[in-house]
Amino acid sequence: MTQTLTYAVGEGRPPYSDIPQAELIAHINRLRREKNAVILAHNYQVPEVQDIADFTGDSLGLALEARRTDADIIAFCGVHFMAESAKILNPKKRVFLPNLGAGCSLADSITPESLDDWKERYPGHTVVTYINSTAEVKAESDICCTSANAVSVVRSLPDARVLFTPDRNLGNWVARQVPEKQVVVYDGVCPTHDVLRSASLERTWRENPEAVIIAHPECREDVVALAHEVCSTTGMLDAVARHPHARTFIIATEHGMLHQLRRRFPDRQFIPADGCIGCRLHCPYMKMTGLQDLYFSLAEERYEIVLDRDVIAGARRALERMMAVPRDR
Ligand code: 13P
């Protein structure tokens, strides 16, 4: 390892909170230059991580960026399945997840074994797996999708019978958009989105009757039914641009997205859909990565994503097949 650490590895390192933010930012900037690293961050990350990233985006945008980068190292500020996807799409690069605790309960809701059982129950169906899944589950799937292309992916399939996994709300939303397909939907949810009820959204809307409602398709059906726009997180930025005369927007997704929206559209007002100041639409995993984690990740080259070669090959097939399909809009 090159001599880049201000603090010795292990013993003697001060607790994370003792390192001033300006110092952390200076270290991260130096390390990314020295190591030819690219920092990718999801739209739900804490503001300071979004602000230091080379690229922020939704799952599809980040996967595309990971595939095209010529950096030697990818520091992925997101959750585990996203860093895995970056490794699968660019296996020669070293990919690091700065905080190993950053998982995804939706991705954990399906295993290769439970997918196999399900496939046996529905023979002859094409398996469409949301990117919020492990590499092993992707490897057992025919094609992946993200919230940005799920409708187009299902529509593009030559087969009429589809198994959609693991997100129930996204799967049901896609099934409503593509009625010509028979879509069997797995019973997983993202707890962060599934917690929002239409009653809360309606109350927020009553208080802001002029507002445009933008919802993520991981929200429940009654919530999505109230929305003027349903899209991926990056799709929300485009959706705001489509409403140049609207001043206020109600946002039904994880509250990290509000930072990205406010940064891009400082003259508009963005309100969390549950109308709660603290915001209940909070993903604890997406908030685990701080600047300290990113600094030590770059400095100590941790935590590296390592995957079995066969798993990479299988998952890559499903992801690359998805990449050939355009975004929904
Ligand atoms: P996006 O791909 O829309 O950013 O969604 C990611 C996600 O995990 C939503 O919970």
Side-chain angles (χ1 to χ4, degrees), residues 42-44 57-62 106 128-132 144-156 162 164-181 183 185-186 188-205 208-246 248-258 260-261 264-265 268 270-275 279-281 283 286 322 325-329:
H42 187 263
N43 290 323
Y44 295 158
D58 61 8
S59 307
L60 181 60
L62 291 166
L106 174 59
V128 178
T129 294
Y130 192 29
I131 197 164
N132 298 40
C144 289
C145 72
T146 77
S147 58
N149 60 16
V151 171
S152 305
V153 163
V154 170
R155 198 169 275 142
S156 75
V162 173
F164 190 98
T165 179
D167 191 275
R168 181 212 315 146
N169 293 332
L170 176 64
N172 286 333
W173 184 73
V174 169
R176 293 195 295 282
Q177 310 310 304
V178 195
E180 64 275 21
K181 305 278 184 192
V183 186
V185 177
Y186 192 80
V189 289
C190 162
T192 301
H193 287 89
D194 198 59
V195 77
L196 180 65
R197 295 295 190 270
S198 54
S200 307
L201 177 55
E202 276 166 342
R203 196 195 50 232
T204 309
W205 199 18
N208 303 276
E210 307 295 318
V212 172
I213 301 174
I214 307 180
H216 196 276
E218 286 178 25
C219 292
R220 295 165 74 100
E221 184 175 348
D222 57 340
V223 168
V224 164
L226 293 172
H228 302 100
E229 301 273 0
V230 181
C231 41
S232 76
T233 56
T234 293
M236 292 184 179
L237 296 165
D238 300 333
V240 171
R242 280 196 293 275
H243 295 268
H245 304 301
T248 307
F249 296 82
I250 296 172
I251 304 300
T253 196
E254 210 279 342
H255 66 106
M257 190 60 213
L258 299 180
Q260 204 46 240
L261 287 161
R264 187 78 70 86
F265 301 100
R268 316 288 183 90
F270 298 99
I271 300 169
D274 63 2
C279 195
R280 280 185 292 268
L281 275 71
C283 173
M286 280 288 184
M322 167 190 90
V325 179
R327 276 184 181 264
D328 284 344
R329 278 185 194 257

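- Side-chain atoms of Asn169 and His193, non-hydrogen and from C-beta on, never get closer than 4.5 Å to each other.
- Residues passing the ring-ring contact (aromatic ring centres under 6.0 Å, His included) test with Phe249 are Phe270, sequence neighbours excluded.
- Residues meeting the side-chain hydrogen bond (donor to acceptor under 3.5 Å, both in side chains) test with His216, sequence neighbours left out: Ser147.
- Annotation: ring pair (Phe, Tyr, Trp, His ring centres under 6.0 Å) contacts involving residues 217-240, sequence neighbours excluded, comprise Trp205-His228.
- Side-chain atoms of Asn149 come within 3.5 Å of backbone N or O of Thr146 as a donor-acceptor pair.
- In this structure, OH on Tyr130 lies 11.0 Å from CE on Met322, to the nearest 0.5 angstrom.
- From Asn208, atom CG reaches atom CD1 of Ile213 across 9.5 Å, with rounding to the nearest 0.5 Å.
- Within the structure, every pair that satisfies the salt bridge (charged side-chain N to carboxylate O under 4.0 Å, His left out) test and touches residues 217-226, not counting sequence neighbours, is listed here: Arg176-Glu221, Asp194-Arg220.
- Environment of CZ in Arg203: crowded, with over 12 heavy atoms of neighbouring residues, nucleotides or ligands closer than 6.0 Å.
- Of all the heavy atoms in Leu196 and Cys219, the pair that sits closest is CD2-SG, 4.5 Å.
- Between Ala252 and Leu281 the shortest heavy-atom distance is C-CD2, 4.1 Å.
- Note that the CG atom of Leu237 and the CG atom of Asn43 stand 6.5 Å from one another [nearest 0.5 Å].
- Ser152 meets the side-chain hydrogen bond (donor to acceptor under 3.5 Å, both in side chains) test with Asp328; sequence neighbours excluded.
- A side-chain donor-acceptor contact under 3.5 Å links Asp167 to the backbone of Leu170.
- Smallest separation of non-hydrogen atoms from Pro166 and Asn132: CG-O, 3.6 Å.
- Considering only residues two or more places apart in sequence or on other chains, Arg242 meets the salt bridge (Lys or Arg N to Asp or Glu O under 4.0 Å) condition with Glu229.
- In terms of the side chain to side chain contact (heavy atoms under 4.5 Å, CB included) criterion, residue partners of Glu180 (sequence neighbours excluded) are, by chain and number, Arg155, Val178.
- The side-chain hydrogen bond (donor to acceptor under 3.5 Å, both in side chains) test applied to Arg268 returns no partner, not counting sequence neighbours.
- Annotation for Val174 and Ala150: closest pair CG2-CB, 3.6 Å, computed over non-hydrogen atoms.
- Partners of Thr165 under the side-chain hydrogen bond (donor to acceptor under 3.5 Å, both in side chains) rule, at least two apart in sequence or in another chain, do not exist in this structure.
- Ser59 and Ile131 make their closest contact through CB-CG2, 3.7 Å (heavy atoms, listed as atom of the first residue, atom of the second, distance).
- Checked for salt-bridge contact, Arg327 and Asp58 meet the test: a charged N lies under 4.0 Å from a carboxylate O.
- A donor-acceptor pair under 3.5 Å is formed between the side chain of Glu254 and the backbone N or O of Cys283.
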